[in-house]
2 protein chains.
Amino acid sequence: MISPGCPGAIEPILTILDGKWNLLLLRELFNGTKRFGELRRSLHPISPKTLTDRLRMLEEQEIVTRTLYPGVPLHVEYELTERGQRLQPIFAAMWMWVQEYGACPQKETDDGGQDAEAVM
Amino acid sequence: MISPGCPGAIEPILTILDGKWNLLLLRELFNGTKRFGELRRSLHPISPKTLTDRLRMLEEQEIVTRTLYPGVPLHVEYELTERGQRLQPIFAAMWMWVQEYGACPQKETDDGGQDAEAVM
DNA sequence: CTCCATAGTTCATTTTTTGAAACTATTGCA
DNA sequence: TGCAATAGTTTCAAAAAATGAACTATGGAG
């Protein structure tokens with residue numbers, strides 16, 4: 001479907017990073033193992049359907065593992081695989097970009113350039 | 001709309017990277033200045049509407065500049081801004097990941113592993 | 001005044017993604 | 001038996017994104 005130009009075929013990563021929630025979901029998982037309910041709360045207005053869809057896709061892509069813990073209230077933990085952990089440099093590069101250049105232009109107020117102050 | 005967890009707010013970059021075509025489009029622009037028609041051919045099954053939509057968004061985000069060259073057949077060149085160039089490390093990280101881990105599981109053919117041959 | 005080439009725009013339609021609400025499944029305990 | 005807690009699934013509707021085809025705009029050459 002895609003005709004890759006020579007320098008750098010990024011296609012295999014498109015499935016993983018594309019979509020409204022994938023980057024945010026992966027960011028959560030970089031902070032460690034998470035349970036379904038935790039993810040649902042962190043990503044708050046996400047619907048359970050969308051969340052399971054994304055998680056299943058990431059499982060298929062071998063980016064996360066799903067572990068079921070039976071018990072009184074059963075629970076499930078999602079964790080990054082090795083393959084998933086290795087995405088970290090991509091996110092690190094994003095974070096650096098956002099720090100230096102993240103202040104979006106969005107809508108320029110025409111009263112002159114008052115850049116957004118740092119958001120952290 | 002999004003409640004950022006402390007470590008690394010990547011939200012400002014979501015607009016820029018999200019969507020089916022954005023990564024592919026940016027990749028083209030890392031190879032240098034491109035004209036509308038060139039982009040259209042490189043990204044082949046893209047529709048002109050989608051292409052202009054994406055380019056306008058990237059302009060608003062100050063990732064690309066649009067320069068009109070009047071002349072016999074007029075033409076337009078799209079080029080990355082400084083801000084856009086600085087996205088390069090993100091793509092570099094993606095390329096490295098793809099090289100090492102890119103072979104997608106996709107659908108495991110149970111007849112044994114005949115991996116896709118290199119597409120370069 | 002028409003034609004060519006480039007770069008779009010417009011509009012209706014299709015495809016894809018997301019969503020909300022309600023329902024299922026598991027298991028121990030009261 | 002019935003409830004509580006977790007983690008989903010199902011169904012149908014809504015919203016967003018992408019598409020295709022045809023049309024507009026520009027400006028010089030013939």
Side-chain angles (χ1 to χ4, degrees), chain A residues 1-3 11 13-29 32-61 63-80 106, chain B residues 1-3 11 13-29 32-61 63-80 106:
Chain A
M1 173 196 172
I2 287 144
S3 51
E11 283 74 8
I13 223 170
L14 286 180
T15 314
I16 295 165
L17 298 188
D18 184 44
K20 182 174 173 182
W21 294 109
N22 290 351
L23 289 175
L24 298 171
L25 175 48
L26 285 168
R27 180 181 61 186
E28 292 303 316
L29 292 169
T33 301
K34 300 284 177 192
R35 296 165 54 160
F36 186 85
E38 285 184 282
L39 292 170
R40 198 176 167 185
R41 281 186 289 279
S42 311
L43 304 176
H44 166 233
I46 200 173
S47 68
K49 177 181 181 299
T50 303
L51 184 51
T52 41
D53 284 356
R54 305 297 80 206
L55 286 167
R56 292 290 178 273
M57 180 276 288
L58 291 173
E59 256 191 289
E60 266 179 30
Q61 298 294 318
I63 300 299
V64 304
T65 54
R66 175 182 184 275
T67 313
L68 172 71
Y69 293 87
V72 188
L74 63 81
H75 73 275
V76 172
E77 293 192 347
Y78 291 94
E79 190 171 18
L80 289 174
Q106 307 250 28
Chain B
M1 172 195 175
I2 287 143
S3 51
E11 282 75 9
I13 223 169
L14 287 179
T15 315
I16 294 164
L17 299 186
D18 183 45
K20 182 174 174 184
W21 293 109
N22 289 351
L23 288 174
L24 298 171
L25 175 49
L26 285 168
R27 179 181 62 188
E28 292 304 316
L29 292 170
T33 301
K34 299 284 178 194
R35 295 165 54 160
F36 187 85
E38 285 184 283
L39 291 170
R40 199 176 167 186
R41 281 186 291 278
S42 311
L43 304 176
H44 168 234
I46 199 173
S47 68
K49 178 179 181 303
T50 303
L51 183 51
T52 40
D53 283 355
R54 304 294 84 203
L55 286 168
R56 294 289 179 273
M57 179 276 287
L58 291 175
E59 256 191 288
E60 265 178 28
Q61 298 294 317
I63 301 298
V64 303
T65 54
R66 175 181 183 275
T67 312
L68 171 71
Y69 292 87
V72 188
L74 64 82
H75 73 277
V76 171
E77 294 193 344
Y78 290 95
E79 189 171 17
L80 289 175
Q106 307 249 25

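Since the structure is predicted, the reported quantities are computational estimates derived from the model, not experimental observations.
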Margin query: Rounded to whole Å, please give me the gap between CG in B:Asp18 and C1' in C:dT16.
Written below: 13 Å

Next item on the list: Under 4.0 Å between any heavy atoms, over every strand shown, what does A:Tyr78 touch: base, sugar-phosphate, or nothing? Just pick one.
Entry: sugar-phosphate

Next item on the list: Measure the distance from CG on B:Leu43 to C1' on D:dA18 and round it to the nearest whole Å.
Entry: 14 Å

Note to self: Please tell me if B:Thr52 has a side-chain N or O lying less than 4.0 Å from either OP1 or OP2 of C:dT9.
What the structure shows: yes

Next item on the list: Name all residues meeting the side chain to side chain donor-acceptor pair (under 3.5 Å) criterion together with B:Thr52; count only those two or more places apart in sequence or in a different chain, and write none if there are none.
Entry: none

Check: Rounded to the nearest Å, what distance is computed from the CG atom of residue B:Leu24 to the C1' atom of nucleotide D:dA18?
Finding: 14 Å

Could you go over nucleotides 21-30 of chain D and give all protein N or O partners under 3.5 Å, atom names and distances?
none

Notebook entry, point to check: Roughly how many Å is it from CZ in A:Arg66 to C1' in D:dG8, rounded to a whole number?
Noted result: 8 Å

Check: So which nucleotide from C:dG8, D:dA18, D:dG8 ends up closest to the side chain of A:Arg56?
Finding: D:dG8

Check: Which word best sums up how the rings of B:Phe36 and B:Tyr78 line up, parallel for under 30°, tilted for 30 to 60°, or perpendicular for over 60°?
Finding: tilted

Next item on the list: Rounding to 10 degrees, work out the angle separating the end axes of the helix from C:dC1-D:dG30 to C:dA30-D:dT1 (five pairs an end).
Entry: 30°

Notebook entry, point to check: For A:Thr65, what residues pass the side chain to side chain donor-acceptor pair (under 3.5 Å) criterion, not counting sequence neighbours?
Noted result: none

Margin query: Going by the rule side-chain contact (heavy atoms from CB on, under 4.5 Å), which residues pair with A:Pro73 if we only count those two or more places apart in sequence or in a different chain?
Written below: none

Item checked: Short side-chain to backbone donor-acceptor contact, A:Asp18 and A:Leu14, under 3.5 Å -> no

Next item on the list: Measure the distance from CG on A:Leu51 to P on D:dT6 and round it to the nearest whole Å.
Entry: 15 Å

Item checked: side-chain contact (heavy atoms from CB on, under 4.5 Å) against B:Glu38, all qualifying residues, sequence neighbours excluded -> B:Lys34, B:Arg35, B:Arg41

Next item on the list: With sequence neighbours excluded, tell me which residues meet salt bridge (Lys or Arg N to Asp or Glu O under 4.0 Å) with B:Asp53.
Entry: B:Lys49

Margin query: Please report the distance, rounded to the nearest Å, between CZ in B:Arg54 and C1' in C:dA7.
Written below: 18 Å

Item checked: Closest to the B:Lys20 side chain, choosing from D:dT19, C:dG19, C:dA7 -> D:dT19

Next item on the list: Please list, chain by chain and in numerical order, all residues satisfying salt bridge (Lys or Arg N to Asp or Glu O under 4.0 Å) with B:Arg66, sequence neighbours excluded.
Entry: none

Check: Within this structure, what is the CZ-to-P distance between A:Arg41 and D:dA5, rounded to whole angstrom?
Finding: 13 Å

Notebook entry, point to check: B:Trp21 side chain: which of D:dA18, D:dT9, D:dA7 is closest?
Noted result: D:dA18

Next item on the list: Please state how far atom CG in A:Asn22 lies from atom P in C:dT16, giving the value in whole angstrom units.
Entry: 17 Å

Margin query: Looking at every non-hydrogen atom in both residues, tell me the closest pair between B:Leu39 and B:Glu28 and how far apart they are.
Written below: CD2-CB, 3.7 Å

Notebook entry, point to check: Considering only side-chain heavy atoms of B:Ser47, which listed nucleotide, C:dG8, D:dA7, D:dT19, is closest?
Noted result: D:dT19

